[in-house]
Amino acid sequence: MASKTALVTGGIGGIGSATCQQLAKDGMQVYALHLPAEAAQAEQWCEQIRQQGLVVNIVAADVSSDASCVTMAADLREQGVSPDVLVNCAGITRDKTLKNLPPELWEAVINTNLSSIYHVTRQFSATMANRGWGRIISISSVNGQRGMFGQTNYCAAKAGIHGFTMALAQELAAKGVTVNSISPGYIDTAMTQAIPEVIRNQITASIPIGRMGKPQDIASTISFLCSEGASYITGANIPVNGGYFMSF
Ligand code: NDP
């Protein structure tokens with residue numbers, strides 16, 4: 001895969017960071033997308049990765065803003081960078097029951113977790129199709145499949161990713177570009193470390209495999225979906241949840 005280039009949004013977060021490192025190990029030229037305000041943290045992160053003998057580049061954008069993504073894509077094009085692989089991984093939670101959920105927290109979660117997929121993907125999908133090869137992988141959530149108390153915004157956004165994925169997969173199937181989503185269960189990152197410990201323990205007890213997932217569990221699935229071995233998988237949602245939610 002030496003000639004492939006990957007762009008990973010949320011690239012310096014928990015799952016994104018493991019994904020960037022895995023794809024770099026797979027031989028790809030990797031760009032980790034971070035929020036513009038996180039530039040210093042992203043530089044530091046890059047240096048830590050470099051010390052492990054891996055090279056990952058960084059690029060800034062706010063994925064909740066279409067204009068920011070247009071600028072980011074233009075900057076990459078100017079550098080001659082055109083991703084063959086796009087991993088839409090940026091996401092946030094802003095949990096509140098519906099009666100307490102103000103419009104700004106609804107919009108923040110929908111824009112960051114769902115509209116972002118449109119903002120970023122539309123910058124690169126046509127070029128992938130013209131080249132006849134591409135991989136678009138969006139990180140959804142088990143809570144988009146089953147719902148979760150206090151997460152109408154997040155569950156709506158994550159379920160929406162599946163509709164986007166199935167529709168775009170049909171548009172690009174004949175062009176060598178596969179489009180899939182992954183629905184992680186509970187993965188041990190900053191996002192879940194914010195959950196109170198007593199609830200985290202209850203969650204872990206309800207996972208048949210007996211542990212929270214690791215970012216690498218998702219990175220390995222992404223690596224597989226990028227491989228030639230996965231070229232017949234498109235429009236699919238892959239659950240990676242330790243048996244926490246089983247369906248067909
Ligand atoms: P993290 O919070 O560690 O990573 C998310 C990353 O996205 C952060 O680096 C964050 O930056 C970045 N980000 C947030 N908003 C924007 C934005 N507007 N533009 C650009 N980047 C942004 O979370 P995880 O690694 O756990 O989550 C990754 C994905 O996996 C998310 O989509 C999440 O919903 C999904 N997921 C996670 C699960 C889990 O259990 N951890 C379970 C199921 C799904 P900053 O830190 O500055 O906000």
Side-chain angles (χ1 to χ4, degrees), residues 7-22 31-42 44-46 56 58-73 86-95 104-105 107-120 123 137-148 151 153-162 164-165 181-195 199-200 203-204 206-207 211-219 221-222 237-242 244-245:
L7 175 66
V8 180
T9 76
I12 68 168
I15 293 172
S17 178
T19 300
C20 288
Q21 292 174 71
Q22 180 61 55
Y31 285 77
L33 185 149
H34 62 86
L35 273 166
E38 307 262 310
Q41 196 183 323
Q44 234 174 23
W45 172 86
C46 254
V56 176
I58 47 176
V59 58
D62 176 351
V63 297
S64 70
S65 153
D66 190 58
S68 179
C69 293
V70 169
T71 305
M72 172 271 298
L86 169 63
V87 182
N88 289 308
C89 186
I92 57 169
T93 52
R94 296 289 182 268
D95 298 355
E104 54 273 23
L105 293 193
E107 282 157 19
V109 168
I110 296 294
N111 290 343
T112 305
N113 294 40
L114 179 59
S115 300
S116 61
I117 310 283
Y118 161 76
H119 299 152
V120 183
Q123 295 302 325
I137 301 161
S138 300
I139 307 303
S140 179
S141 169
V142 67
N143 290 352
Q145 299 175 283
R146 66 187 289 267
M148 178 51 65
Q151 286 196 326
N153 50 3
Y154 186 77
C155 296
K158 292 303 191 182
I161 288 177
H162 300 307
F164 178 96
T165 295
S181 58
I182 295 175
S183 287
Y186 285 91
I187 309 297
D188 193 5
T189 68
M191 188 174 270
T192 46
Q193 278 151 18
I195 300 172
I199 302 193
R200 277 168 58 89
I203 290 169
T204 304
S206 69
I207 300 171
R211 64 165 175 88
M212 278 204 181
K214 299 181 190 125
Q216 185 59 43
D217 293 320
I218 308 305
T221 309
I222 291 169
N237 173 54
I238 316 286
V240 184
N241 63 32
Y244 177 70
F245 177 71

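In each ligand, atom 1 is the first atom listed, and ligand 1 is the first ligand listed. On a predicted model such as this, the values are computed, not experimentally measured, just so you know. By convention here, the first residue in the shown sequence is residue 1.
The heavy-atom pair separating Leu7 from Val120 by the smallest distance is CD2-CG1, 4.3 Å.
Protein residues lining ligand 1, listed by chain and number: Gly10, Gly13, Gly14, Ile15, Leu33, Leu35, Glu38, Ala61, Asp62, Val63, Ser64, Cys89, Ala90, Gly91, Ile92, Thr112, Ile139, Ser140, Ser141, Tyr154, Lys158, Pro184, Gly185, Tyr186, Ile187, Thr189, Met191, Thr192 [non-hydrogen atoms, distance under 4.0 Å].
Atom OH of Tyr154 is separated from atom CG of Asn113 by 6.5 Å, given to the nearest 0.5 angstrom.
In summary, of the residues considered (Gln193, Arg211, Lys214), a side chain to side chain donor-acceptor pair (under 3.5 Å) with Asp188 occurs for Gln193 alone.
Distance alone, capped at 3.5 Å, places no donor-acceptor pair between the Thr112 side chain and the Gly91 backbone.
Residues Thr204 and Tyr244 are not in side-chain contact: their nearest non-hydrogen atoms beyond the backbone lie 4.5 Å or more apart.
For Asp66, the salt bridge (Lys or Arg N to Asp or Glu O under 4.0 Å) test picks out Arg122, with sequence neighbours left out.
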